[in-house]
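What you see is a predicted model, and the numbers here were worked out from it, not measured in a lab.
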Amino acid sequence: MTRSLREVVKEYMSERRVHKYRLVTKDGRCNIEFGNVMHRNRFVYVLDIWTTFVETRWRFVILYFVASFTLSWFIFGLLWYWIARDHGDLKWQNPPENNTACVYSVNTLTYAFLFSLETQATIGYGNVYVTDVCPGAVALIIIQSLIGTIINCFWCGVVMAKIALPKKRAKTITFTDQAVICPKKGTLCLQIRVANLRKTLMIGSQIYGKLLRTTVTPEGETIILDQVSIDFMVDAGKDSLFFVCPFTLYHVIDKTSPFFDMAVDTLHQQEFELVVFLDGTAESTSSSCQVRTSYLPQEIMWGYDFLPIISRSKEGKYRVDFSNFAKVVPVPTAHCAYCYHNEAGHHHHSISGIDNQGFEVIDIEMPNVTKM
């Protein structure tokens, strides 16, 4: 059955609202803006010009690249034109036939621009060259060669730095879009699955999380984006992970966990954002890398578990089936953490109730009873 236009619009507005109020997007970008920044504070971006250019978008880098070379060629072209004019080498100055020009064949502004380009790009076509009659021309060609070398080195460094940014390596590490809550090894856990799409390892990987929410202190102060540390573990621990295949992170929901007071019917009514971090060093480039993602209450599924994705073939090779990477299955799970740990007097009960998907209606035949 096709969905109505109203349902489509409602779903679109819901997704847009979730994206708007999310601090960290699914791909790790921070959804925050700075306002009322003083103009004098903006000058620090100019002082830190290297980082500014490395973090600039590619389209602006290409624009600045073309503009810097073109502008330098034109400025030095004007200087060469001024030297030729000062020496009387231009055509409209009618130099004598036995005149030795400062720069041979530079007698118009166009020739001056072309000579500037040839000098800085070290082309040298052969019919335009500096003579020894003008010391200023010799000094200018040395200055332009040095400045041209500096510009070349700067832009080569910017391009190489942008290509080798650790953020590009982070694109090949992926988290599941949904988190799940279910029993694991005798306790209730929140689980997230992560995978490294490259065969090269992430050395010294560490995983941790932050729960962001708005809280009110006993003094009445409202703290926006209050951060609570969330510990994640895998079967091998939480430090220096052997990240050779996808694994499942889990957070134990005990009395110290901020998820302990939540239940299946109150989870999606909460207002928080769970941000998960993975820090490590890329094996191939030795550059530090951080991968981030976040989960809202609507993206946490209570009573579900991930399907297994690692198997072993008859030849003895290990195989990862990414088709099951984000697939989940329902599993029997307690209604809340209090229920699971059998804490008396603290059970969360829903007023409206929860549908039992396994409930079936059956007909019961009443036996014939003879009244006395």
[X] with [Y], same ILVMFWY side-chain cluster at under 4.5 Å:
X      : Y      : value
Val216 : Val228 : no
Met301 : Leu267 : no
Ile123 : Phe113 : yes

inquiry  = If you define the side chain from C-beta out and look only at heavy atoms, does anything of Leu23 sit under 4.5 Å from Leu212?
reply    = yes

query = Do the side chains of Thr248 and Val234 get nearer than 4.5 Å, heavy atoms only?
reply = no

Could you tell me whether the side chain of [X] and the main chain of [Y] form a donor-acceptor pair under 3.5 Å?
X      : Y      : answer
Lys210 : Leu274 : no
Thr215 : Asp226 : no
Arg193 : Leu307 : yes
His251 : Leu190 : no
Ser145 : Ile141 : yes
Asn31  : Val24  : no
Lys162 : Arg57  : no
Gln269 : Thr266 : no
Ser205 : Met202 : yes
Ser313 : Lys317 : yes

Partner residues of [X] under the side-chain hydrogen bond (donor to acceptor under 3.5 Å, both in side chains) criterion, sequence neighbours left out:
X      : value
Glu271 : none
Ser68  : Trp155
Asn196 : Arg169

message = Return the CZ to CD1 distance between Phe306 and Ile192, rounded to the nearest 0.5 Å.
response = 7.5 Å

remark   = One should read off an interatomic distance between Leu296 CG and Gln178 CD, to the nearest 0.5 angstrom, of 10.0 Å

message = Under the criterion ring-ring contact (aromatic ring centres under 6.0 Å, His included), I'd like the reasoning laid out for Tyr64 against Phe154: C-alpha separation, chi angles, the key distance, then a yes or no.
response = CA-CA 12 Å; Tyr64 299 149; Phe154 177 82; over 10 Å; no

inquiry  = Just checking Phe53 against Phe65, ring centres under 6.0 Å apart?
reply    = no

key: Ring center gap for Tyr338 and Phe260 short of 6.0 angstrom   = yes

request  = Using ring-ring contact (aromatic ring centres under 6.0 Å, His included) as the criterion, list what pairs up with Tyr304, not counting sequence neighbours.
outcome  = none

More than 12 heavy atoms of other groups within 6.0 Å of Leu71 CG = yes

key: Residues, nucleotides or ligands: over 12 heavy atoms within 6.0 Å of Phe325 CZ   = yes

request  = Could you list all the side chain to side chain donor-acceptor pair (under 3.5 Å) pairs where at least one residue sits in residues 273-282, not counting sequence neighbours?
outcome  = Tyr208-Asp279, Glu273-Ser294, Asp279-Gln290

request  = Would you check, one step at a time, whether the test side chain to side chain contact (heavy atoms under 4.5 Å, CB included) holds for Leu225 with Thr214?
outcome  = CA-CA 5 Å; Leu225 295 181; Thr214 301; over 6 Å; no

Just distance, no hydrogens or angles: give the donor-acceptor pairs under 3.5 Å from side chains in residues 74-87, sequence neighbours left out.
{"residue": "Trp80", "atom": "NE1", "partner": "Gln144", "partner atom": "OE1", "Å": "3.0"}
{"residue": "His87", "atom": "ND1", "partner": "Asp89", "partner atom": "OD1", "Å": "2.8"}
{"residue": "His87", "atom": "ND1", "partner": "Asp89", "partner atom": "OD2", "Å": "3.3"}

